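Notes for the one structure printed next.
Each chain gets a letter, A, B and so on, in the order its sequence line appears, and its residues count up from 1. These numbers come from a predicted model, not from an experiment.
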Amino acid sequence: MTELKRTKVVDVLKRSDYGSEVCVKGWVRTMRDSKNVAFIALNDGSVIHNVQIVVDPLTIGENILNRIHTGASLSVTGTLIESQGSGQSVELSAKEVIVLGEANPDFYPLQPKRHSLEFLREKGHLRMRTNLFGAIFRIRHAMAFAIHEFFNNKGFKYWHSPIITGSDAEGAGEMFQVTTLDLNNPPRTEDGEIDYSKDFFGKMTNMTVSGQLEGELAALALGEIYTFGPTFRAENSNTSRHLAEFWMIEPEMAFYDIHDNMDLAEEMLQYLVKYALDNCKDDLLFLEKRLLEEEKQKPQNERSPMPLIEKLEFVLNNKFERLTYTQAIEVLKDSKPAKNNKFEFPVEWGIDLQSEHERYLVEKHFKKPVILTDYPRDIKAFYMKQNDDGKTVRAMDVLFPGIGEIIGGSQREESYEKLKKRIDEMGIPEEEMWWFLDTRKFGTVPHSGYGLGFERMMLFVTGMGNIRDVIPFPRTPKNAEF
RNA sequence: UCCUCUUUAGCUCAGCUGGUUAGAGCACCUGACUGUUAAUCAGGGGGUCCUUGGUUCAAGUCCAAGAAGGGGAGCCA
């Protein structure tokens with residue numbers, strides 16, 4: 001018998017040439033059987049939907065059917081038929097079922113029922129076999145692809161900043177050290193300090209916390225670049241919005257001022273949302289339905305203001321609100337919670353905005369994404385362009401409902417003197433920054449850039465609540481399983 | 001790191017002011033059923049009540065410490 005080529009489930013479901021022979025392969029989601037007929041829901045990850053296999057126990061045989069449980073992998077050859085049931089239009093009438101791999105029901109942890117997200121996190125090696133995580137990771141792929149498509153369409157060059165850095169001046173948080181020294185017996189200098197000249201790179205090295213500084217070098221040569229790679233922060237952060245290893249998109253553009261920067265950020269975010277709506281509708285519908293069911297159990301005031309797809313369309317169809325930090329402080333001071341002393345942290349010019357302040361602006365006051373600019377100099381990074389007022393810098397943060405800061409960026413300081421002065425003021429060792437300063441010494445130009453947290457974008461698009469559920473294998477304090 | 005909540009069957013959870021043999025639904029096994037959609041119905045097996053220590057005649061239940069996990073905060077993307 002000549003072997004029939006496999007057809008993916010996503011393609012089988014589109015067909016209507018009833019009577020054709022078809023071969024599908026996949027994993028069993030559920031099996032229902034009765035005396036004369038059994039039904040197998042088979043999924044192969046190509047689409048959220050299953051194909052229904054109709055099995056006549058006399059044809060296939062009890063010894064095969066007894067080996068089929070949720071999670072088992074099958075190769076099924078059969079005839080494409082119009083479904084007599086109501087849940088689907090096509091199904092497969094099985095002629096041959098081969099059990100590729102059994103899944104012992106005494107040990108296979110996934111059941112055809114709802115599991116808690118916490119439980120599935122502990123089964124991180126299997127959770128992508130569920131409808132939910134299948135949908136999430138198909139969308140994750142689509143978002144990554146859309147990012148490359150967006151920037152490529154605009155002529156940006158995909159740039160690879162190094163993962164291992166010899167600089168600890170990136171200024172975005174605690175770093176993971178990279179070393180090949182024997183930790184039990186490290187070489188020491190005469191002073192008793194660890195002698196990093198004996199380390200692999202001849203100096204102390206760490207995992208990068210940002211590819212921005214090297215990205216700026218590239219922007220000042222190629223014009224417009226973006227990075228898209230993993231980033232590492234050794235912060236002891238235990239929240240639903242932080243990971244120790246996450247993916248970040250960092251565009252850097254020569255000749256862009258802060259307004260060009262904001263335009264690009266807004267256009268990119270809307271492009272990604274549109275891409276999801278255009279290409280991931282089935283998965284989004286599943287996520288929306290799941291979210292609605294989940295929220296039924298919550299009190300009214302904790303529920304989302306609109307269903308997932310409506311929320312995405314809203315962001316797509318409305319301009320982001322743009323205002324300065326100073327204006328935002330005015331709005332906050334005038335707000336009800338401020339007047340009733342409801343904010344835990346009082347509002348005054350100069351403070352770093354707290355979560356409660358950002359949430360008020362985005363979720364209560366403007367009710368849409370907000371871009372804040374021109375923050376006080378003292379609460380922002382050294383490389384941001386200083387305004388003429390001597391107090392503020394040309395920073396921009398994009399704030400999203402439910403997520404908070406999804407993008408942080410700025411116009412960069414292009415003046416050698418001003419940048420040098422700031423580096424000195426903040427006590428950053430100049431010998432580590434000479435190459436960065438050189439860009440301002442030789443052919444400097446106005447330029448801008450920002451960083452988008454990929455998983456935070458994923459949170460928004462999928463409507464998920466915990467960042468650990470939108471990355472395949474989350475790395476967080478005390479957790480590096482799988 | 002701080003605040004707060006949780007930890008009982010494979011999973012999701014109930015178990016009141018301490019009191020005999022620890023409960024349900026789902027899953028699993030057996031049987032019934034001509035087409036099911038997380039099928040249904042009947043029966044069955046299944047527990048170191050997170051760990052350690054304490055209070056008590058008696059602890060799943062009260063107290064203390066620890067561990068793991070959730071939610072919130074800080075840091076940020």
Side-chain angles (χ1 to χ4, degrees), chain A residues 29-41 49-58 66 69-71 81 83-88 91 93 103-123 130-131 170-174 209-212 227 230-250 265 293 297-298 302 344-345 352-356 358-359 379-381 397-400 403-409 450-460 465-469 471 476-479 481:
Chain A
R29 282 293 160 75
T30 61
M31 179 165 81
R32 300 172 284 274
D33 64 338
S34 59
K35 196 174 183 179
N36 299 303
V37 64
F39 301 95
I40 299 167
H49 307 297
N50 307 318
V51 64
Q52 174 155 284
I53 313 293
V54 186
V55 178
D56 176 358
L58 293 176
N66 285 344
H69 297 93
T70 296
I81 55 172
S83 180
Q84 297 171 37
S86 58
Q88 58 284 316
E91 59 192 20
S93 176
N104 185 333
D106 289 339
F107 302 106
Y108 186 65
L110 302 181
Q111 299 166 7
K113 59 168 267 185
R114 172 169 301 231
H115 287 101
S116 70
L117 296 173
E118 294 82 14
F119 174 74
L120 290 171
R121 248 172 252 157
E122 287 168 15
K123 312 291 174 201
T130 62
N131 286 335
E170 287 169 1
E174 294 295 311
V209 294
S210 164
Q212 177 196 319
T227 72
T231 303
F232 308 87
R233 306 253 169 112
E235 302 286 351
N236 190 10
S237 293
N238 287 293
T239 81
S240 53
R241 303 183 304 283
H242 290 85
L243 292 164
E245 175 185 293
F246 65 99
W247 290 66
M248 188 154 63
I249 295 96
E250 295 182 288
E293 274 167 23
Q297 295 157 17
K298 287 188 182 173
E302 283 178 30
E344 190 187 339
F345 299 89
D352 207 353
L353 296 181
Q354 305 293 315
S355 281
E356 56 176 353
E358 296 180 349
R359 294 185 69 145
I379 59 171
K380 287 292 181 183
D397 282 4
V398 181
L399 309 178
F400 260 36
I403 315 281
E405 186 180 342
I406 199 166
I407 280 179
Y450 60 81
L452 166 72
F454 185 53
E455 284 77 17
R456 289 196 180 168
M457 185 65 193
M458 281 294 299
L459 283 178
F460 182 75
N466 194 314
I467 201 160
R468 294 161 202 208
D469 297 326
I471 188 168
T476 53
K478 301 278 188 302
N479 181 11
E481 189 72 43

**Report entry** Length of the line joining A:Ile249:CD1 and B:C76:P, which is rounded to integer Å
**Finding:** 20 Å
Requested in this report: Ignoring backbone atoms, establish whether A:Ser116 has a side-chain N or O less than 4.0 Å from OP1 or OP2 of B:U12.
Outcome: yes
**Report entry** Distance test, side-chain N/O of A:Lys35 to OP1/OP2 of B:C33, below 4.0 Å
**Finding:** yes
Query raised in the report: B:C76 base to A:Ser237 side chain: any donor-acceptor pair below 3.5 Å?
Result: no
Report task. Can you tell me, in whole Å, how much space there is between the C1' of B:U34 and that of B:G69? Result -> 48 Å
Query raised in the report: Where each residue is assigned the nucleotide of RNA chain B containing its nearest heavy atom, which of A:Arg121 and A:Asp106 is assigned the position nearer the 5′ end?
Result: A:Asp106
Query - Atom P, compared across B:U6 and B:U61: separation rounded to whole Å - result: 14 Å
Query - Atom-pair distance (NE2 on A:His115; P on B:A9), nearest Å - result: 14 Å
Report task. Would you kindly give the CZ-to-P distance between A:Phe119 and B:U6, to the nearest whole Å? Result -> 22 Å
Query raised in the report: For A:Glu481, does its backbone N or O pair with a side-chain atom of A:Asn479 as donor and acceptor, under 3.5 Å?
Result: yes
**Report entry** Phosphate OP1/OP2 of B:C75: any A:Arg241 side-chain N/O under 4.0 Å
**Finding:** no
Query raised in the report: Is there a side-chain contact between A:Asp397 and A:Ile407 (heavy atoms, below 4.5 Å)?
Result: no
Requested in this report: Determine the contact category for A:Ile406: base if any of its heavy atoms lies under 4.0 Å from a base atom, sugar-phosphate if only primed atoms, P, OP1 or OP2 are that close, otherwise nothing.
Outcome: sugar-phosphate
Query raised in the report: Mind checking whether A:Ile471 and A:Phe454 have side chains closer than 4.5 Å, heavy atoms only?
Result: no
Query raised in the report: How long is the span from the CZ atom in A:Arg468 to the CG atom in A:Leu120, to the nearest 0.5 Å?
Result: 15.0 Å
**Report entry** Shortest non-hydrogen contact from A:Thr239 toward A:His242
**Finding:** OG1-ND1, 2.6 Å
Report task. Using the C1' atom as the reference point in each nucleotide, state the distance between B:G47 and B:G71 in Å, no decimals. Result -> 29 Å
Requested in this report: Indicate whether any N or O donor in one side chain lies under 3.5 Å from an N or O acceptor in the other, for A:Arg32 and A:Thr30.
Outcome: yes
Report summary line: Closest of B:G10, B:A73, B:U37 to the A:Ser355 side chain is B:A73
Query raised in the report: If every non-hydrogen atom of A:Asn50 is compared with every non-hydrogen atom of A:Ala41, which pair is closest and at what distance?
Result: ND2-CB, 3.8 Å
Query raised in the report: Where does RNA chain B pair, written as one dot-bracket string 5' to 3', with Watson-Crick or G-U pairs under 3.5 Å, ( ) inside the strand, [ ] for crossing pairs and | for another strand?
Result: (((((((..((((.....[...)))).(((((.......))))).....(((((..]....))))))))))))....
**Report entry** Nucleotide of B:G74, B:C76, B:U37 approaching A:Gln88 most closely (side-chain heavy atoms)
**Finding:** B:U37
Query raised in the report: Counting just side-chain N and O atoms, does A:His69 come under 4.0 Å of either OP1 or OP2 of B:C29?
Result: yes
Query raised in the report: Using a cut-off of 4.0 Å on non-hydrogen atoms, how would the nucleic acid contact of A:Asp352 be classed: base, sugar-phosphate, or nothing?
Result: sugar-phosphate
Query raised in the report: Does A:Thr231 put a side-chain nitrogen or oxygen below 4.0 Å from OP1 or OP2 of B:A77?
Result: no
Requested in this report: May I ask you to say what A:Gln84 touches in the nucleic acid, namely base, sugar-phosphate or nothing, with a heavy-atom cut-off under 4.0 Å?
Outcome: base
Requested in this report: Can you tell me the distance, in whole Å, between the CZ atom of A:Arg114 and the P atom of B:G25?
Outcome: 20 Å
Query raised in the report: When you measure from the side chain of A:His242, which nucleotide among B:C75, B:U36, B:A38 comes out closest?
Result: B:C75
Requested in this report: Please answer whether the main-chain N or O of A:Phe345 pairs with a side-chain N or O of A:Glu356 as donor and acceptor at a distance below 3.5 Å.
Outcome: yes
Query raised in the report: Less than 4.5 Å apart, any side-chain heavy atom of A:Arg456 and any of A:Phe246?
Result: no
Query raised in the report: Nearest-Å distance, CD1 (A:Ile403) to P (B:G72)?
Result: 12 Å
Query raised in the report: Quick one: on RNA chain B, does A:Ser240 or A:Asn479 contact a more 5' nucleotide (nearest heavy atom)?
Result: A:Asn479
Query raised in the report: Just wondering, do A:Asp469 and A:Arg121 contact through their side chains at under 4.5 Å, heavy atoms?
Result: yes
Query raised in the report: How long is the line joining CD of A:Glu122 and C1' of B:A67, in whole Å?
Result: 13 Å
Query raised in the report: A:Phe39 has a side chain; which of B:C26, B:U1, B:G35 sits nearest to it?
Result: B:G35
Query raised in the report: Contact class for A:Gly85 (heavy atom, under 4.0 Å): base, sugar-phosphate, or nothing?
Result: base
Report task. In whole angstrom, give me the gap between the C1' atoms of B:C13 and B:A73. Result -> 29 Å
**Report entry** Closest listed nucleotide, where the reference is the side chain of A:Thr239 and the choices are B:G70, B:U34, B:C75
**Finding:** B:C75
Query raised in the report: Using the P atom in both, what is the distance from B:A14 to B:A24, to the nearest Å?
Result: 16 Å
Query raised in the report: Is there a stack between A:Phe246 and B:A77, judged by ring centres under 5.5 Å and planes under 30°?
Result: yes
Query raised in the report: Can you give one letter per nucleotide of nucleotides 39-47 of chain B, going 5' to 3': B for a protein heavy atom under 4.0 Å from the base, S for sugar-phosphate only, - for none?
Result: B--------
Query raised in the report: What integer number of Å spans the C1' atoms of B:C33 and B:A42?
Result: 12 Å
Query raised in the report: What's the shortest heavy-atom distance between A:Met248 and A:Ser210, and which atoms?
Result: CE-CA, 4.1 Å
Query raised in the report: Just checking A:Glu91: base, sugar-phosphate only, or nothing, at a heavy-atom cut-off of under 4.0 Å?
Result: base
Query - N/O (side chain, A:Asn466) to phosphate O (OP1/OP2, B:G71) under 4.0 Å - result: yes
Query - Pairwise P distance for B:A65 and B:U40, with rounding to whole Å - result: 47 Å
Query raised in the report: Within this structure, what is the CD-to-P distance between A:Glu356 and B:C3, rounded to whole angstrom?
Result: 19 Å
Requested in this report: Using a 4.5 Å cut-off on heavy atoms from C-beta on, say whether the side chain of A:Glu293 contacts that of A:Arg114.
Outcome: yes
**Report entry** Integer angstrom distance from the P of B:G25 to that of B:C41
**Finding:** 10 Å
Query raised in the report: Looking only at N and O atoms, is any donor in the side chain of A:Glu344 or the base of B:G74 less than 3.5 Å from an acceptor on the other one?
Result: no
Report task. Could you check which of B:C26, B:C75, B:U34 has an atom nearest any side-chain atom of A:Glu235? Result -> B:C75
Query raised in the report: Is the distance from OP1 or OP2 of B:G74 to the nearest side-chain N or O of A:Gln354 less than 4.0 Å?
Result: yes
Requested in this report: Determine whether any donor atom in the side chain of A:Glu118 lies under 3.5 Å from an acceptor atom in the base of B:G69, or the reverse, and answer yes or no.
Outcome: no
Requested in this report: Find out whether A:Asp33 and A:Phe39 are in side-chain contact, i.e. whether some heavy atom of one side chain is under 4.5 Å from a heavy atom of the other.
Outcome: no
Report task. Can you figure out which of B:U36, B:A77, B:C29 approaches the side chain of A:Pro105 most closely? Result -> B:C29
Query raised in the report: Is there side-chain contact between A:Ile406 and A:Met457, with heavy atoms separated by less than 4.5 Å?
Result: yes
Report summary line: Between CZ of A:Arg359 and P of B:G71 the distance, given in whole Å, is 13 Å
